[in-house]
Enquirer: 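Have a look at the structure that comes next, please.
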Amino acid sequence: MGARVFITGGASGLGRALAQRYARDGASVCIGDVDDIAGQQTLAALLAENVTAHYLHCDVTQEQQLQDAAAWLQAQWGGVDIVINNAGVAQIGGITESPIEDWQWAVDINLLGVVRGCKAFIPLLQAQGGGKLLNVASIAGLLFMPRSAGYNATKAAVIALSETLQLELHDSHIQVSVACPSYFRTDLARNMRASNAQIRHLTQHLVEKARLGPEEVAELIFTGVARGDTHILTHPVTRTAWRLKRWLPYSWYLGLVRKQMAKAAASTSAV
């Protein structure tokens, strides 16, 4: 029997790619999302592959909806083996430019959405005697770019939460992994909140020109979870950058980042 998988934000982008990857592995996949149209389309695509799948309307800002999802999985599938807290949004802008409402929006979804997912599903995993928990953060939680304080802070908090749970849940036999992908071709920028048009254009350019798509990133995350990795960095260049940040004198590291940011800004303005 294949694994039973639940994915928030599973109707599109990386969430959909993860749903399809786990379905190809023989898993039963339940996707939760706020976009019911996209959710039904993803469900139809999964069912067309002759796999067991289900769609639930699930807003990660509403704790009760996550509790209801956990109850559905317990009642209908007898539990869940892998929980993926994937739903997230992009909030970009300088610290003096971004309104506090945008910060609250990002925190409520990117951080508290993951917290609510953990609180809803960890008791079920504990009652079963174990399982796997994957929180999707971002390389932005490890390597901080300017004008992204809100996004960086929420993703860094998801990494901190995940590392805490790796310690807290060890005796419950719950494997906790945190995925930290870099830019990849996805629709995250579609609902992005940006403080100005220039930074919106730069972010969209980096996403659209990324070498990897959601399917490749989903494959790397799938492999990392199966291997039991705690931190899943999907892009080799970011693994190198993370090592440099930890090993170099910090002033040297900042100099390297500033040069890379200047180069990226120059290439974008030339487009």
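One-based numbering along the sequence shown. Source: prediction; values computed, not measured. Values reported hereafter were calculated over all heavy atoms of this structure, with side chains retained and with hydrogens, waters and symmetry mates removed.
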Enquirer: For residues I84 and V5, report the shortest heavy-atom separation together with the two atoms involved.
Expert: CD1-CG1, 4.1 Å
Enquirer: Taking side chain as C-beta onward, heavy atoms only, is V80 less than 4.5 Å from W72?
Expert: no
Enquirer: Would you say V225 and Q175 make side-chain contact, with heavy atoms under 4.5 Å?
Expert: yes
Enquirer: State whether the side chain of E216 and the backbone N or O of G213 hold a donor-acceptor pair below 3.5 Å, judged by distance alone.
Expert: yes
Enquirer: Measuring only between side-chain heavy atoms, which start at C-beta, is Q20 closer than 4.5 Å to E49?
Expert: no
Enquirer: Is there a path of hydrophobic side-chain contacts, each under 4.5 Å between heavy atoms of I/L/V/M/F/W/Y residues, joining W77 to L56?
Expert: yes
Enquirer: How close do A137 and P181 get, counting heavy atoms only, and between which atoms?
Expert: O-CD, 4.0 Å
Enquirer: Counting N and O atoms only, with roles assigned by atom type, does the side chain of Y55 sit under 3.5 Å from a partner on the main chain of D33, one being a donor and the other an acceptor?
Expert: yes
Enquirer: Output yes when a side-chain donor or acceptor of S98 lies under 3.5 Å from a complementary backbone atom of I95, and no otherwise.
Expert: no
Enquirer: Indicate yes or no: at least one non-hydrogen side-chain atom of Q76 is less than 4.5 angstrom from one of R4.
Expert: no
Enquirer: Counting N and O atoms only, with roles assigned by atom type, does the side chain of Q126 sit under 3.5 Å from a partner on the main chain of S172, one being a donor and the other an acceptor?
Expert: no
Enquirer: Compare every heavy atom of H57 with every heavy atom of V34, then report the nearest pair and how far apart it is.
Expert: O-CE1, 3.5 Å
Enquirer: Take D81 and K132 through the side-chain contact (heavy atoms from CB on, under 4.5 Å) test and state the conclusion after the steps.
Expert: CA-CA 6 Å; D81 301 296; K132 296 182 180 182; over 6 Å; no
Enquirer: Could you state the interatomic distance from CE (M145) to CG (N152), rounded to the nearest 0.5 Å?
Expert: 7.5 Å
Enquirer: Which atom pairs, one a donor and one an acceptor, fall under 3.5 Å between side chains of residues 115-124 and the rest of the protein, sequence neighbours left out?
Expert:
| residue | atom | partner | partner atom | Å |
| --- | --- | --- | --- | --- |
| R116 | NH1 | V60 | O | 2.9 |
| R116 | NH1 | D108 | O | 3.0 |
| R116 | NH1 | D108 | OD1 | 3.3 |
| R116 | NH2 | D108 | OD1 | 2.6 |

Enquirer: How far does CD1 of I174 sit from CD of Q128, to the nearest 0.5 angstrom?
Expert: 8.5 Å
Enquirer: Of all the heavy-atom pairs spanning W105 and Q91, show the shortest one and how long it is.
Expert: CZ3-CB, 4.2 Å
Enquirer: Filter on ring pair (Phe, Tyr, Trp, His ring centres under 6.0 Å), then keep only pairs touching residues 9-30, sequence neighbours left out; what's left?
Expert: Y22-F222
Enquirer: Without swapping roles, check the side chain of T238 against the backbone of P236 for a donor-acceptor pair under 3.5 Å.
Expert: no
Enquirer: L161, V89: one ILVMFWY side-chain cluster at the under-4.5 Å cut-off?
Expert: yes
Enquirer: To the nearest 0.5 Å, how far apart are OG1 in T230 and CD in E163?
Expert: 7.5 Å
Enquirer: Are the side chains of L66 and T8 in contact, using a 4.5 Å heavy-atom criterion?
Expert: yes
Enquirer: Would you indicate whether I100, at its atom CD1, is surrounded by more than 12 heavy atoms from other residues, nucleotides or ligands within a distance under 6.0 Å?
Expert: yes
Enquirer: So do I159 and C180 actually touch side chain to side chain, heavy atoms under 4.5 Å?
Expert: yes
Enquirer: Just how far is it from atom NE2 of H54 to atom OG of S28, taken to the nearest 0.5 Å?
Expert: 12.0 Å
Enquirer: If you compare all heavy atoms of K155 against all heavy atoms of V136, which two are closest, and at what distance to 0.1 Å?
Expert: NZ-O, 3.6 Å
Enquirer: So, taking the atom named CD in Q67 and the one named CD in Q62, what distance separates them when rounded to the nearest 0.5 Å?
Expert: 12.5 Å
Enquirer: Evaluate the side-chain proximity of L220 to I232: yes if any heavy-atom separation is below 4.5 Å, no if none is.
Expert: no
Enquirer: I would like to know whether Q40 and D36 meet side-chain hydrogen bond (donor to acceptor under 3.5 Å, both in side chains); could you show each step before the answer?
Expert: CA-CA 6 Å; Q40 292 297 335; D36 293 334; over 6 Å; no
Enquirer: Tell me whether V29 is reachable from L47 by hopping between hydrophobic residues (I, L, V, M, F, W, Y) whose side-chain heavy atoms are closer than 4.5 Å.
Expert: yes
Enquirer: Without swapping roles, check the side chain of T154 against the backbone of L111 for a donor-acceptor pair under 3.5 Å.
Expert: no
Enquirer: Could you give the side-chain donor-acceptor pairs of residues 243-257 under 3.5 Å, partners two or more places apart or in another chain?
Expert:
| residue | atom | partner | partner atom | Å |
| --- | --- | --- | --- | --- |
| K245 | NZ | L142 | O | 2.6 |
| R246 | NE | W242 | O | 3.4 |

Enquirer: As an exercise, state the distance from OG1 of T42 to CD1 of I31, rounded to the nearest 0.5 Å.
Expert: 5.0 Å
Enquirer: Is the shortest heavy-atom distance from the side chain of L73 to the side chain of C30 under 4.5 Å?
Expert: yes
Enquirer: Go through it in stages, so that I can follow the logic: the residues are V107 and L112, the test is side-chain contact (heavy atoms from CB on, under 4.5 Å), and I'd like the CA-CA distance, side-chain angles, deciding distance and then a yes or no.
Expert: CA-CA 6 Å; V107 169; L112 293 181; 4.3 Å; yes
Enquirer: How close do F6 and A69 get, counting heavy atoms only, and between which atoms?
Expert: CZ-CB, 3.8 Å
